[in-house]
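All ligand and atom numbering here is 1-based and tracks the order in the structure. Side-chain atoms are counted along with the backbone in the values below, which use heavy atoms only and exclude waters and symmetry mates. Numbers here are sequence positions counted from 1.
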Amino acid sequence: MDTADIEGDLTEVLYTEGQIHARIAELCRQIEADYEGRDLLIVGVLKGAVMVMADLARELKRDVEMDWMATSSYGTSTESSGVVRIVKDLDTDIAGRNVLIVEDIVDSGLTLSWLRTNLESRNPASLEVCALLRKPEAAKVDIEARYVGFDIPNAFVVGYGLDYAERYRNLRSIGILAPHVYS
Ligand code: XMP
Ligand code: MG
């Protein structure tokens, strides 16, 4: 789906498909260098990270394992509470593994902070975070994300995996959702 199909629902396109792919390629070169000679397990957080996982995994010029987790946060549709429940856990025992969490977005940071603590307790050899987007102005907790695609303004964004009420995930670009859609 192209932005033209939902014109009026976005106030602005922040990143086109081409810009997203170019940035992911840069992140992949860093990841390849950092993990050279070590195993790598990337963990995607459903459902928002599906697109970035698919593109990142295929862009990586190395062997990589993929696993998935699904969490649900108690909160409103546009704001998370930090109280997280595991809906689907990993299939992989991550003890001794080099784990890279792949997220669509770090907003308040509450979800990732919880997830990091949870996965850390399983004793991985290493644990890092790759987030395509980050909202620095929205941070409520400090998240150490080694790989970040883009820092964005504090606005609700959709597309490329990110949804509002399960819509817009299949948009190829990322844009700011017009307030009239959710108010
Ligand atoms: P935080 O960091 O606040 O974010 O715990 C938790 C999850 O909320 C979703 N999220 C968004 N989804 N547009 C979206 O479509 C946004 O602007 C946005 N901000 C947060 C996302 O799933 C994130 O993992
Ligand atoms: Mg998410």
- Message: Has Gln30 got a side-chain atom pairing as donor or acceptor with Leu27's backbone, closer than 3.5 angstrom?
- Response: no
- Looking at Asp107, Val141, Ile174, the heavy atom closest to atom 4 (O) of ligand 1 belongs to Asp107
- Task: For Gly48 and ligand 1, answer yes if some heavy atom of the residue is under 4.0 Å from a ligand atom, otherwise no.
- Result: no
- Query: What distance do Glu65 atom CD and Ile94 atom CD1 have between them, rounded to the nearest 0.5 Å?
  - Reply: 12.0 Å
- Item | Ion pair Asp163/Lys47, N-O distance below 4.0 Å | no
- Task: List for me each residue that meets side-chain contact (heavy atoms from CB on, under 4.5 Å) alongside Arg167, sequence neighbours excluded, and say none if there are none.
- Result: Asp9
- Message: I need the atoms of ligand 1 closer than 4.0 Å to a non-hydrogen atom of Glu103, numbered in the order shown.
- Response: 24 (O)
- Can you list every ring-ring contact (aromatic ring centres under 6.0 Å, His included) pair that touches residues 119-154, not counting sequence neighbours? Tyr15-Phe150
- Task: Flag Val157 as yes when one of its N or O atoms lies below 3.5 Å from any N or O atom of ligand 1, and as no otherwise.
- Result: yes
- Query: When you look at CG of Asn154, are more than 12 heavy atoms from neighbouring residues, nucleotides or ligands closer to it than 6.0 Å?
  - Reply: yes
- side chain to side chain donor-acceptor pair (under 3.5 Å) partner of Tyr160, the single match among Thr16, Asn170, Asp55: Asp55
- Which of the atoms of ligand 1 are close to Lys135, meaning less than 4.0 Å from one of its heavy atoms? 16 (C), 17 (O), 19 (N)
- Please confirm whether Ala155 comes under 4.0 Å of ligand 1, counting heavy atoms of the residue only. yes
- Query: Is there any N or O on Tyr164 that sits under 3.5 Å from an N or O of ligand 1?
  - Reply: no
- Task: Using a strict cut-off of 4.0 Å, indicate which atoms of ligand 1 neighbour a heavy atom of Ser108.
- Result: 1 (P), 2 (O), 3 (O), 5 (O)
- Message: Tell me whether Lys140 reaches ligand 1 (any heavy atom closer than 4.0 angstrom to a ligand atom).
- Response: no
- For Thr111, the ligand 1 atoms whose distance to one of its heavy atoms is below 4.0 Å: 1 (P), 4 (O), 5 (O), 6 (C)
- Item | Sub-4.0 Å heavy-atom approach of Asp104 to ligand 1 | yes
- Message: Is it true that, when you exclude Glu26 itself, more than 12 heavy atoms of the residues, nucleotides or ligands shown sit nearer than 6.0 Å to its CD?
- Response: yes
- Item | Any N or O of Phe156 closer than 3.5 Å to N or O of ligand 1 | no
